[in-house]
Amino acid sequence: IKGHGSEGQITTQGILVGALLTLIDLVTFLGNAVVFVCPVVEKRLRTVTYMFIMSLAAADLLVACLVMPFSIIYEVTGVWLFGRQFCKVWISFDVMFCTASIVTLCFISLDRYCSVVTPHYYSKRMSRRRCIGMTLTIWVYSSLISLLPVMKGWNEIQGLEPDARNDCVFVTNRTFAIVASALAFYLPFLIMCGTYFIIYRVSRLKERASKRQKNLQLENKATRTMTIIISAFVLCWLPYFVLNVWLAAPGGPEGAGPGLQLLFKVITWLGYCNSTLNPLLYAFLNRDFQRALGKVTYDKEDMVSIVTFSRTAQDPQGRAKAALGVETDNKQ
């Protein structure tokens with residue numbers, strides 16, 4: 001899909017669009033970078049759930065670094081300037097990071113399910129080691145859906161060859177579009193809907209049976225926070241996957257006219273904007289995140305602790321000394 005430029009000529013409209021998209025890219029990068037800093041200054045964020053959130057932020061940060069910049073250049077100039085082979089790599093990254101985002105959200109819903117429905121077994125089922133294994137599974141699963149098929153050309157349509165010198169188009173045959181969309185979006189989405197429905201029902205039953213309303217309110221608030229994040233993801237990405245399957249399904253349009261091309265570009269960037277929204281949702285809806293963000297922004301002492309944390313993480317002796325210092329302070 002070509003951008004606003006024609007044969008490499010940059011227009012005024014292209015510059016304005018490029019400036020807007022660059023702003024989105026910068027906000028996405030900064031917002032998700034902060035997600036990695038906050039656990040250093042706020043111990044309450046060092047939880048199993050936040051490990052999944054960091055995995056989500058990693059995917060969003062990679063979108064900002066490896067997907068958005070090349071898309072902006074392509075959109076502004078209207079010409080793909082980086083060669084056919086890197087075009088495949090770029091498309092693979094695009095698919096992989098988006099898949100990692102939604103699968104991570106699926107695992108977050110499973111984490112909330114274990115926490116709410118079976119709280120007595122939560123620590124055993126969602127141990128830190130198991131969480132790390134689940135995070136690795138997310139990324140391996142995402143790479144198998146994206147890197148392997150695209151680099152092998154399993155998505156391509158025989159007889160259809162885009163202009164490799166000027167275009168970088170994600171061409172998908174019917175089988176790949178349906179299978180990949182089901183594995184990357186629809187299946188995880190159905191799992192999330194099922195888990196959050198059960199969480200809602202169990203939370204309501206607990207609220208009626210228990211007198212400890214404060215704990216239940218905190219539990220329900222955490223569940224609502226994750227539900228809002230899931231909803232934002234669906235609103236951003238559902239149009240893309242619906243259109244993707246419709247184009248590949250029997251009876252879909254044979255060719256992509258200018259209107260359809262513009263629509264496809266808009267909903268693709270709507271999906272990218274989900275990577276921008278996620279850290280903003282954490283800042284507005286998570287008090288611990290707000291507290292950590294305030295420390296990072298305003299407290300110089302916590303900035304010193306970030307440097308100390310980074311050094312002790314690399315130095316085992318320094319880490320032991322830091323732990324001993326904490327114990328000494330507690331005794332005092």
Side-chain angles (χ1 to χ4, degrees), residues 19-42 44-73 90 92-109 111 131-132 134-136 138-139 141-143 146 184-185 188 222 225-237 240 268-298 302-303 306 309-310 313:
L20 175 61
L21 299 182
T22 301
L23 178 62
I24 294 173
D25 190 11
L26 289 174
V27 173
T28 305
F29 175 81
L30 294 175
N32 287 285
V34 170
V35 174
F36 288 92
V37 177
C38 286
V40 179
V41 299
E42 182 55 60
R44 294 182 182 180
L45 292 176
R46 300 173 193 175
T47 62
V48 171
T49 299
Y50 202 83
M51 289 181 67
F52 289 123
I53 293 175
M54 289 182 67
S55 175
L56 179 64
D60 294 335
L61 192 63
L62 289 170
V63 169
C65 294
L66 299 178
V67 177
M68 286 186 180
F70 299 102
S71 180
I72 293 170
I73 296 172
W90 177 61
S92 299
F93 284 162
D94 191 347
V95 178
M96 181 171 66
F97 302 149
C98 295
T99 302
S101 290
I102 191 168
V103 176
T104 301
L105 288 170
C106 179
F107 274 73
I108 290 174
S109 69
D111 172 72
C131 177
I132 293 173
M134 293 168 72
T135 303
L136 292 175
I138 291 170
W139 287 91
Y141 177 84
S142 302
S143 63
S146 57
F185 182 81
T225 300
M226 293 303 170
T227 303
I228 293 172
I229 294 171
I230 298 290
S231 300
F233 184 91
V234 171
L235 290 174
C236 288
W237 277 114
Y240 174 85
T268 298
W269 269 93
L270 178 63
Y272 293 161
C273 285
N274 181 250
S275 298
T276 311
L277 289 176
N278 283 334
L280 298 179
L281 290 173
Y282 305 146
F284 282 109
L285 299 177
N286 190 315
R287 288 186 178 179
D288 292 332
F289 189 92
Q290 291 176 355
R291 187 182 297 108
L293 189 60
K295 290 180 180 180
V296 171
T297 307
Y298 300 109
D302 283 297
M303 293 306 296
I306 293 175
F309 182 87
S310 301

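In what follows, residues are counted from 1 in the order of the sequence shown. Everything numeric here is computed off the predicted structure, so don't read it as measured data.
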If you compare all heavy atoms of [X] against all heavy atoms of [Y], which two are closest, and at what distance to 0.1 Å?
{"X": "Val103", "Y": "Pro188", "result": "CG2-CG, 4.4 Å"}
{"X": "Ala59", "Y": "Ala100", "result": "CB-CB, 4.1 Å"}
{"X": "Ala292", "Y": "Val41", "result": "O-CG2, 3.6 Å"}
{"X": "Asp60", "Y": "Thr28", "result": "O-CG2, 3.9 Å"}
{"X": "Ala184", "Y": "Ile102", "result": "O-CG2, 2.7 Å"}

Indicate yes or no: at least one non-hydrogen side-chain atom of [X] is less than 4.5 angstrom from one of [Y].
{"X": "Thr99", "Y": "Ser146", "value": "no"}
{"X": "Leu56", "Y": "Phe107", "value": "no"}
{"X": "Cys38", "Y": "Tyr50", "value": "yes"}
{"X": "Asp25", "Y": "Ile72", "value": "yes"}
{"X": "Met68", "Y": "Leu21", "value": "no"}
{"X": "Val27", "Y": "Ile24", "value": "no"}

Roughly how far, to the nearest 0.5 Å, is the [atom2] atom of [Y] from the [atom1] atom of [X]?
{"X": "Leu105", "Y": "Trp237", "atom1": "CG", "atom2": "CH2", "value": "12.5 Å"}
{"X": "Leu277", "Y": "Phe233", "atom1": "CG", "atom2": "CZ", "value": "11.5 Å"}
{"X": "Thr104", "Y": "Trp139", "atom1": "OG1", "atom2": "CH2", "value": "6.5 Å"}
{"X": "Leu281", "Y": "Asn274", "atom1": "CG", "atom2": "CG", "value": "8.0 Å"}
{"X": "Ser142", "Y": "Ile138", "atom1": "OG", "atom2": "CD1", "value": "7.5 Å"}
{"X": "Asn278", "Y": "Cys273", "atom1": "CG", "atom2": "SG", "value": "11.5 Å"}

Within a reach of under 6.0 Å around CZ of Phe29, are more than 12 heavy atoms found that belong to other residues, nucleotides or ligands?
no

Suppose we call two aromatic rings close when their centres sit under 6.0 Å apart. Are Trp90 and Phe93 close by that rule?
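No: the rings miss the under 6.0 Å criterion.
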
If we ignore hydrogens and angles and just use 3.5 Å, is the side chain of [X] paired with the main-chain N or O of [Y] as donor and acceptor?
{"X": "Ser101", "Y": "Phe97", "result": "yes"}
{"X": "Arg44", "Y": "Pro39", "result": "no"}
{"X": "Asn32", "Y": "Ser275", "result": "yes"}

Who passes ring pair (Phe, Tyr, Trp, His ring centres under 6.0 Å) against Phe185, sequence neighbours left out?
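Once residues adjacent in sequence are excluded, the partners of Phe185 under the ring pair (Phe, Tyr, Trp, His ring centres under 6.0 Å) criterion are Phe189, Phe241.
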
If you measure only the distance, is there a donor-acceptor pair under 3.5 Å linking the side chains of Tyr272 and Asp94?
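Yes - a donor-acceptor pair under 3.5 Å links their side chains.
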
